[in-house]
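What follows is a single structure, written as structure tokens, with notes after it.
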Amino acid sequence: MFHDLFFSKSKSKVPKPCPIALSTRVRLARNLSEFPFPGRAESGQKKAVLSKCMSALGKVKPLLSSTSVELDELSELDRQILVEKHLISLELSQSEESGGVVLSNDRACSVMVNEEDHLRIQVLANGLDFSKVWKLADSLDSGIESSLDYAFDSQLGFLTACPTNLGTGMRASVMMHLPGLVMSKNMDKVINAVNHLGIAVRGLFGEGSDASGSIFQISNQQTLGESESAILERLEMTLENIVHQERLAREKLSEDDGLRLTDKISRAVGSLKTSYLIQSSEAMDHLSLIRLAADFGYLPEKFRALADRMFIEVQPGHVQLSAGKPIEPGERDRLRAETLRKEFLRMPQLNLNAQVD
Amino acid sequence: MKCHHCDSQATVHLTQIINGQMHKMDLCEACAQEKGVTNPDNLSIGNLLDENPSKVDASTASMTCESCGTTHQDFKKGGRLGCEACYHVFRPVLEPLLDGMHAGVKHFGKVPSRSVKKKSDDDSEELLNKELKKAVEEENYEKAAKLRDRLKKLQAKSSASA
Ligand SMILES: [Zn+2]
Ligand SMILES: [Zn+2]
């Protein structure tokens, strides 16, 4: 059943701007040859790594127009914002000294310095597009490597602080919106099935099989023993199957229990328009349904983009930022509701006769 | 699903294969955080090996990396190595872990152009054959099939270029 589907190669190609896949990311872990990894490095060594990396990064083509920041210069809130925008990791945001990040101005590339490894090279793109993302990450990596000596071993590949990243040092992931699988209670099955293939699934906003917003990050667990392209191929095949399962789940939901689905979506619309206090997890669940409604054609396309933007805007740091001053969680919930009311005020009636694509 | 460590709802699901044995772990958010596994980028094996019964023998217990000071105990606790040299020092304890953790124990991906010598294809073919033999002996047919595919591809490539 579920299992077979994940093992068989699906022939149907997923259309490339696929609304189920929000974004694709490839991250490469790299270390400089003559320095201990950041976890073991002394203050002076970390500083030396930071300045060496920063000057090398500035010369690489995709980063010619970019912004470089040292974490020491950032406030608590600035760091939180960068984490919520997925531009830096939580680990880097907690760095106590000599952490840095270089962000290309189009936000497609970000390179973290002195995270768990000396360098974490990241490339992001909308939708599902491994070939584009890998190509850019590969060239960015080669550009950086032309002026820095990496820690590399012909047997073990790129040497990383954690052996789970050895070899290619590559973690490829896709953010997926899977409300159909969540509502039909099939997410656990999917997680189990893909785990057997060395692929990890986790809720983006901190929770597992019923993650708020039904957004999941799906990534390869293994990095050694296969080439980058073999890893990406396997991951992509799995993702195509997940997309297929999600489509089936949505079809089934609308056929078997269409009224309940309509009711849910309609209530989400109502809540977004009328709430005066709302927590981020509740907001995300409503936004997820707005996104689903746009996928079904019940709402115009632009509401998918709005939901995607609001997924980030309702995060605590972003609400705090919009307040312009430190505020209590209760005040945050009020402000979040106010923003959502404003954004969704002019939402049209659901067009329930739309064709499901 | 209940958390492996407490009774809360498990929301983080991990599967790792260590020494040929599958270790499944379902954790709640709090326990996952405590074990440092909330970010799939930073999965740490050391943290997850608490209940791994394999005892440390005296010869490996005293291992220390001269170059960065990481001890075997550090590695077991945090799952991280400290520097390049650690990979030589801890090779004996690392190798059996790698076999289960990854798709193979030999790097097949990108090679940095500045790295001294590019590995030759013959070398990988020989290694693949060795791994294949081992997989068959261990009756790991899934792995054997994968290795056979890779060998075929490699041979096709070398005969095409010959
Ligand atoms: Zn727990
Ligand atoms: Zn060391």
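Protein chains get the first letters and strands the later ones, always in sequence-line order, with residue 1 at the start of each. Just so you know, these numbers use all the heavy atoms, side chains as well, and skip hydrogens, waters and symmetry mates.
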**Report entry** Note, A:Leu159 side chain near B:Glu84 side chain (heavy atom, < 4.5 Å)
**Finding:** yes
Report summary line: Whatever's closer than 4.5 Å to a heavy atom in chain B on A:Leu148 counts as backbone
**Report entry** Under 3.5 Å side-chain donor-acceptor pair for B:Lys110 and A:Ser227
**Finding:** no
Query - Where B:Gly79 and A:Cys162 come nearest, the two heavy atoms and their spacing - result: O-SG, 3.9 Å
Query raised in the report: Under the side chain to side chain contact (heavy atoms under 4.5 Å, CB included) criterion, do B:Tyr87 and A:Thr160 qualify, and how do the steps go?
Result: CA-CA 10 Å; B:Tyr87 277 99; A:Thr160 51; 3.9 Å; yes
Report summary line: side chain to side chain contact (heavy atoms under 4.5 Å, CB included) with A:Leu156: of B:Arg91, B:His107, B:Lys106, only one passes, and it is B:Arg91
Query raised in the report: What part of A:Ser229 is in contact with chain B, defined as an atom under 4.5 angstrom from a non-hydrogen atom: side chain, backbone, both or neither?
Result: neither
Query raised in the report: At what distance, to the nearest 0.5 angstrom, does OG of B:Ser67 lie from CD of A:Glu34?
Result: 11.5 Å
Query raised in the report: At what distance, to the nearest 0.5 angstrom, does CG of A:Leu224 lie from CE of B:Met101?
Result: 9.0 Å
Query raised in the report: In Å and rounded to the nearest 0.5 Å, what is the CG to CG distance from A:Leu166 to B:Leu97?
Result: 11.0 Å
Query - Region of B:Leu98 in contact with chain A, defined by heavy-atom distances below 4.5 Å - result: side chain
Query raised in the report: In Å and rounded to the nearest 0.5 Å, what is the CD to SG distance from A:Gln45 to B:Cys83?
Result: 10.0 Å
**Report entry** Atom group of A:Asp141 that falls short of 4.5 Å from chain B, counting heavy atoms
**Finding:** both
Report summary line: When rounded to the nearest 0.5 Å, the distance separating CD1 of A:Ile231 from CZ of B:Phe108 is 11.5 Å
Query - Contact winner vs chain B - A:Ser146, A:Ala230, A:Ala29, A:Gly39, heavy-atom pairs under 4.5 Å - result: A:Ser146
Query raised in the report: Are A:Phe158 and B:Pro112 close enough that some pair of their side-chain heavy atoms sits under 4.5 Å apart?
Result: yes
Requested in this report: Under 4.5 Å heavy-atom distance to chain B, tell me which part of A:Ser173 shows up: side chain, backbone, both or neither.
Outcome: neither
Report task. Kindly indicate whether the side chain of A:Glu226, heavy atoms from C-beta on, has any atom under 4.5 Å from the side chain of B:Arg150. Result -> yes
Report task. First locate atom SG of B:Cys86, then atom CZ of A:Arg40, and finally report the distance between them rounded to the nearest 0.5 Å. Result -> 7.5 Å
Query raised in the report: chain B: which of A:Ala161, A:Pro38, A:Ala151, A:Gly167 shares the most heavy-atom pairs with it under 4.5 Å?
Result: A:Ala161
Query raised in the report: Taking the side chain as C-beta and beyond, is there a heavy-atom pair between B:Ser113 and A:Glu145 under 4.5 Å?
Result: yes
